[in-house]
Amino acid sequence: MKVTKEQYEFALYRVEELLPLMSDEMSANHPMVIELTLMSDVVIAYEIENFPIEKPGIVELIEL
């Protein structure tokens with residue numbers, strides 16, 4: 001999925017709005033849970049594409 005910066009920023013904003021509203025009593029098919037899942041998928045897709053996590057080199061592994 002190709003995500004624009006504007007879509008990413010909107011999705012990130014919605015995730016931040018929705019998270020405090022979540023509760024353990026909400027079912028997986030609750031509209032807000034579904035929206036949070038969709039918005040999270042948009043955020044993840046953008047971040048994977050634009051902020052990839054590089055594998056550590058041998059020096060970094062030794063330091064850890």
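Heavy-atom basis, side chains included; hydrogens, waters and symmetry copies ignored.
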Which pairs count as ring pair (Phe, Tyr, Trp, His ring centres under 6.0 Å) when at least one residue sits in residues 25-44, sequence neighbours excluded? none
Sorted by first residue and then second, give each salt bridge (Lys or Arg N to Asp or Glu O under 4.0 Å) pair with at least one member in residues 55-64; sequence neighbours left out. none
Nearest heavy-atom approach of Ser27 to Val33 is O-CG2, 3.5 Å
Run the side-chain hydrogen bond (donor to acceptor under 3.5 Å, both in side chains) test against Asn50 and tell me which residues pass, sequence neighbours left out. none
Tightest non-hydrogen contact, residues Met26 and Leu21, listed as CE-O, 3.3 Å
Counterpart residues, side-chain contact (heavy atoms from CB on, under 4.5 Å), relative to Ile44 (two or more places apart): Ile48
Salt bridge (Lys or Arg N to Asp or Glu O under 4.0 Å) contacts touching residues 25-34 (sequence neighbours left out): none
With sequence neighbours left out, what residues match Glu9 under side-chain contact (heavy atoms from CB on, under 4.5 Å)? Lys5
Which residues pass the side-chain hydrogen bond (donor to acceptor under 3.5 Å, both in side chains) test with Tyr46, not counting sequence neighbours? none
Tracing side-chain links under 4.5 Å among I, L, V, M, F, W and Y, which residues wind up in one group with Ile58? Val59, Ile62
Answer yes or no: are there more than 12 heavy-atom neighbours, outside Ile53 itself, under 6.0 Å from its atom CD1? no
Partners of Leu19 by side-chain contact (heavy atoms from CB on, under 4.5 Å), sequence neighbours excluded? Val15, Leu36
If you group Ile, Leu, Val, Met, Phe, Trp and Tyr whenever their side-chain heavy atoms sit less than 4.5 Å apart, what else falls in with Tyr13? none
Could you pull out all residues at least two apart from Glu35 that satisfy side-chain contact (heavy atoms from CB on, under 4.5 Å)? Arg14, Leu18, Met39
For residues Ala45 and Val3, report the shortest heavy-atom separation together with the two atoms involved. CB-CG2, 4.0 Å
